[in-house]
Number of protein chains: 2
Amino acid sequence: MSRMHNPAHPGEVLREWLPEEMTVTQAAKELQVSRVTLSKVLNGKAGITASMALRLSSWLGTTPDVWLGMQTQWDLWQAEQQPRPKIRPLERLPV
Amino acid sequence: MSRMHNPAHPGEVLREWLPEEMTVTQAAKELQVSRVTLSKVLNGKAGITASMALRLSSWLGTTPDVWLGMQTQWDLWQAEQQPRPKIRPLERLPV
DNA sequence: GTATATTGTAAACTAACACTTATCAATATG
DNA sequence: CATATTGATAAGTGTTAGTTTACAATATAC
């Protein structure tokens, strides 16, 4: 079975967590990454790493798993869109 | 809060799924990756990618999420062992 | 209105890493 | 003994998350 819906990029979701008036520059400073790094994430040009997930969880008061989970679902959906080899299921001895 | 226990590397878990008599070479052929690629995963020298998770799920009849989830937990634990910047929680307006 | 600072993204570069093929020592098999 | 097969290492390639630098656009100061 495949995932029906193109999941949102985590950066897209992150956008909604940022207060309206907060600039990328400010947010990057709080997260202690460069402006560029955060900008890329927000624009879907880079993914959420474990390190970034920890920063986001400290800052936003979430679990890191939320962010990494989103990234995982996104990665998985992307991979499912690629041509895939036909793999014959392993024959297991019945219990 | 941090994860208490060093989670197993997914490759370690994968080992347990392989039939006793199956060689790395055979398994790699079924998964349609090189011997080296699989060997590295089994020895914890490489992680589980989305593409690999899909191969494993096809072959072993699991969901891909199982494997990617393990990888995520492992990545997270590794990142937690590193020195981390002190990030001040974002002040949210109370509801 | 012009000068200066700040913003967000792009460009260029570096480091890490997943993958491949080639190589090698060790073990099995003819 | 000779040959083939195994699993791991070495070497090389491509991708990508991170940095600093550069730039065009907008805001702020004088």
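No experiment lies behind these values; they were computed from the predicted model shown. Convention: sequence-line order gives letters A, B, ...; per-chain numbering from 1. Below, all heavy atoms of this structure are taken into account, side chains as well, without hydrogens, waters or symmetry copies.
If you measure from atom CD of Q78(B) to atom P of dC17(C), you get 11 Å, rounded to the nearest angstrom. Whole-Å rounding puts the L18(A) CG to dT7(C) P distance at 15 Å. Spacing between atom NE2 of H9(B) and atom P of dC17(C) amounts to 11 Å, rounded to whole angstrom units. If you measure from atom CD of Q26(B) to atom P of dT6(D), you get 7 Å, rounded to the nearest angstrom. One interatomic measurement links the two molecules: NZ of K29(B) to C1' of dG7(D), which rounds to 14 Å at whole-angstrom precision. Rounded to an integer number of Å, the gap from CG of N43(B) to C1' of dA18(C) is 15 Å. In this structure, the CD atom of E21(B) is 13 Å from the P atom of dG7(D), given to the nearest Å.
Rounding to the nearest 0.5 Å places CG of L38(A) at 11.0 Å from CZ of R55(A). Taking CH2 from W17(B) and CH2 from W67(B), the interatomic distance works out to 6.0 Å, rounded to the nearest 0.5 Å.
Looking at N6(B) and Q81(B), their side chains never bring a donor and an acceptor atom within 3.5 Å of each other.
Under a hydrophobic-cluster definition in which Ile, Leu, Val, Met, Phe, Trp and Tyr are linked whenever side-chain heavy atoms come within less than 4.5 Å, directly or via other members, L56(A) and W74(A) are assigned to different clusters. Hydrophobic clustering, with ILVMFWY side chains joined whenever heavy atoms are under 4.5 angstrom apart, groups L90(B) together with I87(B).
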#### Entry: Contact state string [nucleotides 13-28 of chain D, B base, S sugar-phosphate only, - no protein heavy atom under 4.0 Å]
----SBBBBB------
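Side-chain contact between K29(B) and V24(B): absent, with no pair of heavy atoms (C-beta onward) separated by less than 4.5 Å.
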